[in-house]
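Contents: one structure, followed by commentary.
These numbers were taken from a predicted model, which means no experiment stands behind them. As a basis for the values below, the full set of heavy atoms in this structure was taken, side chains included, without hydrogen atoms, waters or symmetry mates.
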Amino acid sequence: MNYSALIHTDIQEKWIAKLDTVKTQFKEKAEYNDIHSRFPYENIEWLVKEGYTLLTLPKAYGGEEATVEDMVILQSYLGSIDGATALSIGWHLSVVGQLYEQQMWEPTMLDRFAEAVKNGALVNRAVSEAETGSPTRGGRPATNAVKVNDGFVVNGVKTFTSMSKGLTHFVVSAYYEDIDQVGFFLIQKDTPGVEIADNWNMIGMRATESHDLLLNDVHIPQENFVEIRGAGGKKPNGWILHIPSVYLGIAQAARDYAVDFAKNYSPNSIEGTIGDIPTVQQNIGKMEAQLLSARHFLWSTAAIYNREVSGSKVWNETSASKVLVMNQGLEVIDTAMRIVGAKSLQMERPLQRYYRDMRAGLHNPPMEDMAYTNIAHSVLDHF
């Protein structure tokens, strides 16, 4: 796909050009990192050094102030290059974008954290737990925060902490019994009692190293109690569209691989290439139509969000975007593998990795049943 034909902002043009300069080396590292379940340290280091982590930080705080639409397009492109790198850095972009757009923390803390981001900080929320399942289902975390004279002590275990080995900061959800609320606590990686379990062993998104985060009597200052869950009212969060953006990119990469294969593979049982076979052509047309549909829905949702940041007009679109992109993306990859045939299962070919990574996306928020339920509540005027 020619992304340059779709660029319409200076930020998009700048970063597509920058990513083009490292596209080959990112792709070359992807196979090794996947096989060895190794975090893409070099890729993330390059992104930090070049300023990609400032993308969603507002200009008033020293960032680039990219819109959700900018992020969606750039993350789709990065996802087509290396899904694990894109998903990892996407969590940081999403957290920063939402924090500053919705002014979720006290002004002094936002100022302090912006300085950290400008100095290379990487952040993600740590909210999932084995006991509660997906945090979007509203379970109370077993992780707890206890007030002490000079701050809080936090104990607990968080699962699926994407980019765990590369993060400098965690925004941890914990139950605070004194107020009977779930709060969020900003914890730096080098705080005593913070450990990474080194137990990530999945078949998909292996290079994200989403290990468990262990919190053992972690002492933090009072001001690091940064949020109370739901205190500011429920608002649409377009920054979560970083998730379907990455998986759209992975599906695009699978399509591109299959099309290139069809153009060049010529077994001696036919004249020409398999791209001349009507069945293959039908499958290519099907892939293209599904990608067009997913891309236009996702990107139009991002564009609407840019216009309706404070409104309620994008609740259903943001929920549906992830579900639609995932389901159609999985079909695209399945079709791509059918075009390539048994060779698609060879470990040295990327299609099997695209398939495994895409399956992992089903378990990123929002869950499909929750998305459909929330959309139904909206349609039925239950809110």
Side-chain angles (χ1 to χ4, degrees), residues 1-36 38-57 59 62-94 96-97 117-122 162-163 165-168 205-209 241-243 245-257 259-260 263 291 295 298-299 302 348-351 353-354 357:
M1 175 186 170
N2 181 13
Y3 276 79
S4 61
L6 301 167
I7 290 171
H8 63 277
T9 71
D10 291 341
I11 287 177
Q12 294 167 24
E13 182 175 13
K14 167 189 171 181
W15 280 105
I16 293 292
K18 277 180 169 286
L19 291 171
D20 273 341
T21 66
V22 290
K23 179 168 61 175
T24 299
Q25 67 190 64
F26 276 26
K27 284 187 173 182
E28 286 174 350
K29 294 189 182 90
E31 180 183 347
Y32 180 90
N33 290 338
D34 172 70
I35 291 172
H36 296 276
R38 178 186 181 273
F39 187 69
Y41 293 100
E42 299 84 0
N43 299 357
I44 300 299
E45 182 181 349
W46 183 90
L47 291 167
V48 171
K49 181 181 176 182
E50 293 297 318
Y52 193 74
T53 49
L54 304 179
L55 195 66
T56 58
L57 187 69
K59 288 181 180 178
E64 291 206 49
E65 202 168 324
T67 65
V68 168
E69 189 175 9
D70 291 326
M71 179 195 70
V72 163
I73 290 172
L74 294 175
Q75 283 294 102
S76 295
Y77 187 55
L78 184 55
S80 72
I81 297 171
D82 181 12
T85 294
L87 186 65
S88 294
I89 207 68
W91 290 113
H92 167 90
L93 297 179
S94 176
V96 171
V117 172
K118 286 188 288 185
N119 286 312
L122 289 169
S162 294
M163 201 167 46
K165 293 287 186 75
L167 293 173
T168 60
M205 283 296 172
R206 291 172 55 77
T208 62
E209 288 214 49
L241 294 177
H242 84 92
I243 296 171
S245 302
V246 170
Y247 292 104
L248 177 65
I250 294 172
Q252 181 69 50
R255 172 267 188 203
D256 293 346
Y257 188 91
V259 169
D260 184 67
K263 286 179 178 179
L291 280 170
R295 185 182 309 120
L298 175 60
W299 290 6
E348 61 267 26
R349 295 180 188 267
L351 277 178
R353 183 175 75 251
Y354 298 153
D357 284 351

- CG (Asp260) and CZ (Arg255) are apart, to the nearest 0.5 Å, by 10.0 Å

- Between Leu87 and His242, is a side-chain contact (heavy atoms from CB on, under 4.5 Å) present by the stated rule, with each step listed? CA-CA 8 Å; Leu87 186 65; His242 84 92; 4.3 Å; yes

- Message: Measuring from atom CE of Met163 to atom OG1 of Thr168, what distance do you get when rounded to the nearest 0.5 angstrom?
- Response: 8.5 Å

- Could you tell me whether a side-chain N or O of Thr85 sits under 3.5 Å from a main-chain N or O of Asp82, the two making a donor and an acceptor? no

- Item | Contact summary for Val68 and Ala302, nearest pair of heavy atoms | CG1-CB, 3.9 Å

- Message: Check whether Arg295 reaches the backbone of Leu248 with its side chain - one donor and one acceptor, N or O, closer than 3.5 Å.
- Response: no

- Within the side chain of Ser76, is there an N or O that forms a donor-acceptor pair under 3.5 Å with the backbone of Val72? yes

- Between Tyr41 and Lys165 the two heavy atoms that sit nearest each other are OH-CB, 3.3 Å

- Message: Within the 4.5 Å heavy-atom criterion, are Phe39 and Ser88 side-chain neighbours or not?
- Response: yes

- Query: So, the side chain of His92 versus the backbone of Thr53: is there a donor-acceptor pair under 3.5 Å, distance only?
  - Reply: yes

- Distance in Å, Leu19 CG paired with Tyr52 OH, rounded so as to fall on 0.5 Å steps: 6.0 Å

- Please report the closest heavy-atom contact between Leu241 and Ser245, naming both atoms and the distance. O-OG, 2.6 Å

- Other residues, nucleotides, ligands: >12 heavy atoms within 6.0 Å of Asn119 CG: yes

- Starting at CG of Asn33, measure out to CD of Glu28 and round the result to the nearest 0.5 Å. 12.0 Å

- Give me the one residue out of Gln12, His8, Gln75 that meets side chain to side chain donor-acceptor pair (under 3.5 Å) with Asp70. Gln12

- Note on the structure: Interatomic distance, OG@Ser162 vs CD1@Ile89, rounded to 0.5 Å, equals 12.0 Å

- Would you find more than 12 non-hydrogen atoms of other residues, nucleotides or ligands less than 6.0 Å from Glu42 atom CD? yes

- Message: For Glu50, is there an ion pair with Lys18 - N to carboxylate O distance below 4.0 angstrom?
- Response: yes

- Query: Which pair of non-hydrogen atoms, one from Ser80 and one from Lys27, has the smallest distance, and what is that distance?
  - Reply: O-CE, 4.0 Å

- Item | Pro40 versus Ala207, closest heavy-atom pair with distance | CD-O, 3.1 Å

- Query: Any salt bridge between Asp20 and Lys23, counting N to O under 4.0 Å?
  - Reply: yes

- Are any of the side-chain heavy atoms of Ile73 and Trp15 separated by less than 4.5 Å? no

- Determine whether Tyr77 and Gln252 make a side-chain contact, defined as any pair of heavy atoms from C-beta on separated by less than 4.5 Å. no

- Message: What I'd like to find out is whether the side chain of Lys118 reaches to under 4.5 Å of the side chain of Leu57, using heavy atoms alone.
- Response: yes

- How long is the span from the CD atom in Glu64 to the CE atom in Met71, to the nearest 0.5 Å? 14.0 Å

- How about Gln25 and Asn43: do any of their side-chain heavy atoms sit closer than 4.5 Å? no

- Message: Main chain of Ala66, side chain of Thr56: is a donor-acceptor contact present, judged purely on distance under 3.5 Å?
- Response: no

- Query: Looking at side-chain heavy atoms only, is the closest gap between Phe26 and Leu78 below 4.5 Å?
  - Reply: yes

